[in-house]
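Below: one structure, written as structure tokens.
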Protein chains: 2
Amino acid sequence: MNNDSTLRITKQRQIILDELMRVTSHPTADDLYQMVRQKLPRISLGTVYRNLETLAGLGMIQKLEVAGTQKRFDGNAATHYHIRCQRCGRVDDLDLRLNTDLEKAAAEKTRFTILRHRLEFTGLCPECQKLNAQAEEA
Amino acid sequence: MNNDSTLRITKQRQIILDELMRVTSHPTADDLYQMVRQKLPRISLGTVYRNLETLAGLGMIQKLEVAGTQKRFDGNAATHYHIRCQRCGRVDDLDLRLNTDLEKAAAEKTRFTILRHRLEFTGLCPECQKLNAQAEEA
DNA sequence: GTGTCTGCAAACCATTTGCATCGGT
DNA sequence: ACCGATGCAAATGGTTTGCAGACAC
């Protein structure tokens, strides 16, 4: 995708990438739109979407397909796992090193060619654990 | 969700559940709508959505949060993994037994309470492997 | 009879797209 | 000057919802 055509470095593209690299959260397209708008008030949401798609296609950022309605984006292009809070939706990184090769294990069970995998945990973040405990006292 | 109120067994609900149990594929709401319509021509898509949501809430079926635009549903409520074809979107079961306890490993790396996890593979199904090979000959 | 469920259609909301213009190269 | 990128607004598409009538209990 987007093989030989020239990729222009526009102000919009640059700032979107900068902002995404700057944060460790995993913002949605709209989150990013709000962030970028501080610096480029006239940018459009469509441009944010288009650029995130382009950058993800080039492997410069990662498009996360975590549960939930909105897509999220990650400035860290290396493979790593995520955990999502069931209550507040927050997504954190999880630097998990497994001694099992999941893709190899899967390859033995299917006739599919395996290209990649995704492992995602769901739980309660520390803050929401507290809030939940408080709610139960009532 | 839907705790104490009486759950009525309507023809629609029954047939939706029957159809989902009958197949081993992982149909989208619209797939199911088409299937159920053969037996109940006047059913509405909204009813299919509402019932799938209800049944999933009761744990009778599973709502899959696989990558891709549409939600998919699984008549098998037990935990198991899935592999999705990147090319045609087909979703197959994967009966993978891991000797590593993923949730335990994750728990050691985060302050979240872990509730569940999801592991999904992406690849090419046998049919699409063929089609891809043919395309490359050209 | 009561309160849930349904069909229908409209509403929703994240994302995509067509188009005229702008701006990087 | 060319052609990719942008802003804007409208379109798309999956899913949800409000409502009046239907039906399970």
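What you are looking at is a predicted structure, and each value in this text was computed from that prediction instead of being measured. Below, chains carry the letters A, B, ... as their sequence lines are ordered, and counting in each starts from 1.
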Looking only at side chains, do A:N51 and A:T54 share a donor and an acceptor under 3.5 Å apart? no
Could you state the atom-to-atom distance from CG of B:N51 to C1' of D:dT17 in whole Å? 15 Å
When the rotation axes relating C1' atoms of four end pairs to the next four are compared across the helix from C:dG1-D:dC25 to C:dT25-D:dA1, five pairs an end, they differ to 10° by 40°
Report yes or no: does B:T47 contribute a side-chain atom to a donor-acceptor pair with the main-chain N or O of B:I43 at less than 3.5 Å? no
Listed nucleotide nearest any side-chain atom of B:Q70, set D:dG7, D:dG14, D:dA5: D:dG14
Would you mind telling me which residue lines up with the more 5' stretch of DNA chain D, A:R8 or A:L40, judged by nearest nucleotide? A:R8
In whole angstrom, give the distance that lies between atom CG of A:L52 and atom P of C:dT15. 10 Å
Using the 3.5 Å cut-off, write out each protein N or O paired with an N or O of nucleotides 16-19 of chain C and the distance between them.
residue, atom, partner, partner atom, Å
C:dG18, O6, A:R50, NH1, 3.3

If the condition is salt bridge (charged side-chain N to carboxylate O under 4.0 Å, His left out), which residues does A:R90 pass it with, not counting sequence neighbours? A:D92, A:E127
State which residues pass salt bridge (charged side-chain N to carboxylate O under 4.0 Å, His left out) with B:D101; sequence neighbours excluded, sorted by chain then number. none
Of residues 10-36 of chain A, the positions that come close to DNA chain D - non-hydrogen atoms, cut-off under 4.0 Å: A:T10, A:Q12, A:R13
Electrostatic pair B:E103:B:R116 at N-O distance under 4.0 angstrom: no
For the pair B:H80 and B:H26, name the ring-plane relationship: parallel under 30°, tilted 30 to 60°, perpendicular over 60°. tilted
Less than 4.0 Å between a side-chain N and a carboxylate O, is that true for B:R118 and B:E65? no
Any Lys/Arg nitrogen of A:D74 or A:R72 sitting under 4.0 Å from an Asp/Glu carboxylate oxygen of the other? no
Apply the test salt bridge (Lys or Arg N to Asp or Glu O under 4.0 Å) to residues A:E19 and A:R22: give CA-CA distance (whole Å), side-chain angles for both, the deciding distance (0.1 Å), then the verdict. CA-CA 5 Å; A:E19 289 297 298; A:R22 197 172 59 73; 2.8 Å; yes
Go through the structure and list residues passing salt bridge (charged side-chain N to carboxylate O under 4.0 Å, His left out) with B:K130, not counting sequence neighbours. none
Determine whether the aromatic ring centres of residues B:H117 and B:Y81 are separated by less than 6.0 angstrom. yes
Length of the CD1-P vector between B:I9 and C:dC5, whole Å: 11 Å
Calculate the interatomic distance between B:L7 atom CG and D:dC25 atom P; express it in whole Å. 9 Å
